[in-house]
Q: 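Before anything else, here's the structure in question.
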Amino acid sequence: MVSANSLYGPLDPAPDAGYPDAPPRMGFFTDTSVCIGCKACEVACKEWNDVPDSGFDLLGMSYDNTGALTANAWRHVAFVEQPATVPQARPVGPEPAAGSPPAPGPQFLGMPGTEPPGRSSTAERTDFRWLMMSDVCKHCTHAACLDVCPTGSLFRTEFGTVVVQEDICNGCGYCIPACPYGVIDQRAGDGRAWKCTLCYDRIGAGMTPACAQACPTESIQYGPLDELRERAAARVATLHERGVTEARLYGHDPDDGVGGDGAFFLLLDSPEVYGLPPDPVVTTRDLPAMWRRAGLAALAVAAAAVTAFVGGRR
């Protein structure tokens with residue numbers, strides 16, 4: 001029998017995971033409209049959780065030298081550079097002769113505007129802009145990593161979050177392809193899976209997670225998930241009133257393919273721009289139906305074999 005907390009799981013994860021008197025579900029709301037890319041969250045996460053450094057690796061991706069969420073990067077501040085959508089005015093200077101090739105040298109992309117990112121009075125943008133986002137494990141309501149873990153290393157906490165117990169992990173790696181966001185990773189030379197724990201040790205003691213504590217702009221907000229969703233909806237409404245029509249929420253909907261995320265985001269562009277899947281679905285959702293079909297197929301093969309054997313004897 002499939003348990004209530006697996007294979008597309010419940011909408012109230014902690015009680016159905018065996019916590020009858022569970023506290024409110026806790027989570028993160030990351031407002032990318034006020035993220036300044038300082039990476040204080042990355043540093044605080046590494047310091048508190050004793051996450052090893054990833055080495056000095058210049059990726060050539062603007063100021064983003066983390067690259068992605070990995071076993072050694074439980075927070076990743078993405079820098080998305082977007083040029084203007086309409087041509088910029090040419091710098092002052094002599095016009096090139098007709099038919100001559102463009103002058104060599106760097107091309108002018110414009111400067112960041114004085115308005116907040118995303119604000120525009122028209123559909124087209126004339127200024128170069130950066131979109132910054134501190135990414136993290138989503139702590140899904142329907143967590144496929146929990147479904148496929150054979151050792152119980154991954155478990156649901158009383159706060160509704162998902163945590164890896166590294167001393168139980170056997171390094172099988174099943175959770176890595178199961179995650180629809182590509183969050184979980186195996187550490188080189190170690191083999192075990194690692195990811196954000198939402199600072200389980202801190203929140204159990206009534207403290208704020210290290211990344212949210214360190215964020216100077218309150219881009220990362222921590223608290224009861226229901227309150228965060230209300231706060232996020234109000235923030236989106238405010239941005240829309242100010243002309244930031246691109247503002248949208250991602251991962252907040254309990255009716256989406258993962259039952260809503262425990263860590264959700266306010267974005268200023270489509271999810272793909274930030275490297276997020278536009279319509280994530282828990283990867284184990286269809287497993288019960290697949291097993292039923294496989295069982296029926298096995299029964300059909302067995303029945304055909306018996307029929308052939310009995311018919312052959314006659």
Q: Roughly how far apart are K195 NZ and T197 OG1, rounded to 0.5 Å?
A: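 Here the rounded value is 7.5 Å.
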Q: At what distance, to the nearest 0.5 angstrom, does CD1 of I168 lie from CG of L154?
A: 10.0 Å
Q: Give the minimum heavy-atom separation between T217 and V34, together with the two atoms involved.
A: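 Scanning both residues completely, I find the closest heavy atoms to be OG1-O, 2.9 Å.
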Q: Would a distance-only check, ignoring hydrogens and angles, find a side-chain to backbone donor-acceptor pair under 3.5 Å from T141 to G260?
A: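 Side chain of T141 to backbone of G260, a donor-acceptor pair under 3.5 Å: yes, one is there.
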Q: Indicate yes or no: at least one non-hydrogen side-chain atom of P277 is less than 4.5 angstrom from one of Y250.
A: yes
Q: With side chains defined as the heavy atoms from C-beta onward, is the minimum distance between C137 and W74 less than 4.5 Å?
A: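 No, every pair of side-chain atoms sits at 4.5 Å or beyond.
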Q: Is the closest side-chain donor-acceptor distance between D135 and Y181 under 3.5 Å?
A: no
Q: Compare every heavy atom of C41 with every heavy atom of I220, then report the nearest pair and how far apart it is.
A: CD1-CB, 3.6 Å
Q: With rounding to the nearest 0.5 angstrom, report the CZ to CG distance, R235 to D31.
A: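 Result: 4.5 Å between the selected atoms.
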Q: Above 12 or not: heavy atoms from other molecules or residues under 6.0 Å from CG of D21?
A: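 No, because the 6.0 Å sphere around CG of D21 holds 12 heavy atoms or fewer from other groups.
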Q: Step by step, would you call C196 with H139 a side-chain contact (heavy atoms from CB on, under 4.5 Å)?
A: CA-CA 9 Å; C196 163; H139 295 276; 3.4 Å; yes
Q: Counting only N and O atoms by type, is there a donor-acceptor contact under 3.5 Å from the side chain of D64 to the main-chain atoms of G67?
A: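 It does hold such a pair.
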Q: Would F29 and E230 count as a side-chain contact (heavy atoms from CB on, under 4.5 Å) here? Give the steps.
A: CA-CA 10 Å; F29 164 48; E230 293 178 2; over 6 Å; no
Q: Does the side chain of C175 reach to within under 4.5 Å of the side chain of C149, using non-hydrogen atoms?
A: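 When only atoms from C-beta onward are counted, C149 and C175 do not touch, as no gap falls below 4.5 Å.
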Q: Locate the shortest heavy-atom distance separating A210 from R202; write the atom from each residue and the value.
A: N-NE, 3.5 Å
Q: Side chain of T70, backbone of A73: donor and acceptor closer than 3.5 Å?
A: yes
Q: Please check if the side chain of Y200 supplies one atom and the backbone of F159 the other of a donor-acceptor pair under 3.5 Å.
A: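 No; judged by distance alone, with no hydrogens or angles, the pair does not exist.
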Q: What heavy-atom pair brings V183 and K138 nearest, and what distance separates the two atoms?
A: CG2-NZ, 3.9 Å
Q: Main chain of G191, side chain of R187: is a donor-acceptor contact present, judged purely on distance under 3.5 Å?
A: no
Q: Is it true that the side chains of R231 and Q221 contain a donor and an acceptor less than 3.5 Å apart?
A: yes
Q: Answer yes if V273 and V136 sit in the same cluster of Ile, Leu, Val, Met, Phe, Trp and Tyr residues linked by side chain heavy atoms under 4.5 Å apart, and no otherwise.
A: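 Yes; tracing contacts between hydrophobic side chains, which count when under 4.5 Å, links both residues.
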Q: Are D269 and Y274 side-chain neighbours, meaning at least one heavy-atom pair lies under 4.5 Å?
A: yes
Q: So, for C45 and V51, which heavy atoms are closest and what is the spacing to 0.1 Å?
A: O-CG2, 4.1 Å
Q: Quick one: does any side-chain atom of T284 pair with a main-chain N or O of A144 as donor and acceptor, under 3.5 Å?
A: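 No, the answer is negative, given that no donor and acceptor are paired below the 3.5 Å cut-off.
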Q: Does either side chain, that of W194 or that of N72, offer a donor lying less than 3.5 Å from an acceptor on the other one?
A: no
Q: Would the distance check show the side chain of H240 and the main-chain N or O of A247 forming a donor-acceptor pair, the cut-off being under 3.5 Å?
A: yes
Q: So, are R192 and D185 salt-bridged, with charged N and O less than 4.0 Å apart?
A: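 D185 and R192: not salt-bridged.
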Q: I would like to know whether L131 and L267 meet side-chain contact (heavy atoms from CB on, under 4.5 Å); could you show each step before the answer?
A: CA-CA 9 Å; L131 299 179; L267 305 179; over 6 Å; no
Q: Are any of the side-chain heavy atoms of T238 and R242 separated by less than 4.5 Å?
A: yes
Q: Are C199 and N49 side-chain neighbours, meaning at least one heavy-atom pair lies under 4.5 Å?
A: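 SC-SC contact between C199 and N49 confirmed.
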Q: For E218, does the CD atom have more than 12 heavy-atom neighbours from other residues, nucleotides or ligands under 6.0 Å away?
A: no
Q: Taking the six-membered ring for Trp, are F264 and F28 ring centroids under 6.0 Å apart?
A: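 Between F28 and F264, which both carry aromatic rings, the centre distance is not below 6.0 Å.
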Q: Please check if atom OH in Y174 has more than 12 non-hydrogen atoms from other residues, nucleotides or ligands closer than 6.0 Å.
A: no
Q: Using a 3.5 Å distance criterion without hydrogens, assess whether the side chain of E272 forms a donor-acceptor pair with backbone atoms of P278.
A: no
Q: I need the minimum non-hydrogen distance between D261 and V258, along with the two atoms involved.
A: OD1-CG2, 3.3 Å
Q: Nearest 0.5 Å, please: how far is CD in E42 from OG in S134?
A: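 So the gap between those two atoms works out to 7.0 Å.
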Q: Measuring from C215:SG to I36:CD1, what's the distance to the nearest 0.5 Å?
A: 7.5 Å
Q: Using the rule that two of Ile, Leu, Val, Met, Phe, Trp, Tyr join whenever any of their side-chain heavy atoms come within less than 4.5 Å, decide whether V244 and F265 are in one cluster.
A: yes
Q: Start with the C-alpha distance between S219 and T30, add both sets of side-chain angles, then the distance that settles side-chain contact (heavy atoms from CB on, under 4.5 Å), and finish with yes or no.
A: CA-CA 5 Å; S219 171; T30 302; 4.0 Å; yes
Q: How far apart are the C-alpha atoms of T161 and R25, what are their side-chain angles, what is the distance that settles it, and do they pass the side-chain hydrogen bond (donor to acceptor under 3.5 Å, both in side chains) test?
A: CA-CA 8 Å; T161 59; R25 186 178 179 185; over 6 Å; no
Q: Going by heavy atoms in the side chains, are K46 and R75 under 4.5 Å from each other?
A: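 Not in contact.
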Q: Kindly indicate whether the side chain of F155, heavy atoms from C-beta on, has any atom under 4.5 Å from the side chain of T157.
A: yes
Q: State the CG-NE2 distance between L225 and H252, to the nearest 0.5 angstrom.
A: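 L225 atom CG to H252 atom NE2 measures 11.0 Å (nearest 0.5 Å).
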Q: Do you see a donor-acceptor pair shorter than 3.5 Å between the side chains of H142 and D147?
A: no
Q: Before giving the answer on side-chain hydrogen bond (donor to acceptor under 3.5 Å, both in side chains), spell out for R248 and S270 the whole-Å C-alpha distance, their side-chain angles and the decisive distance to 0.1 Å.
A: CA-CA 8 Å; R248 70 199 73 185; S270 61; 5.2 Å; no
Q: Quick one: sort the Y63 and W130 rings into parallel, tilted or perpendicular, breaks at 30° and 60°.
A: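 The rings of Y63 and W130 stand perpendicular, inter-plane angle above 60°.
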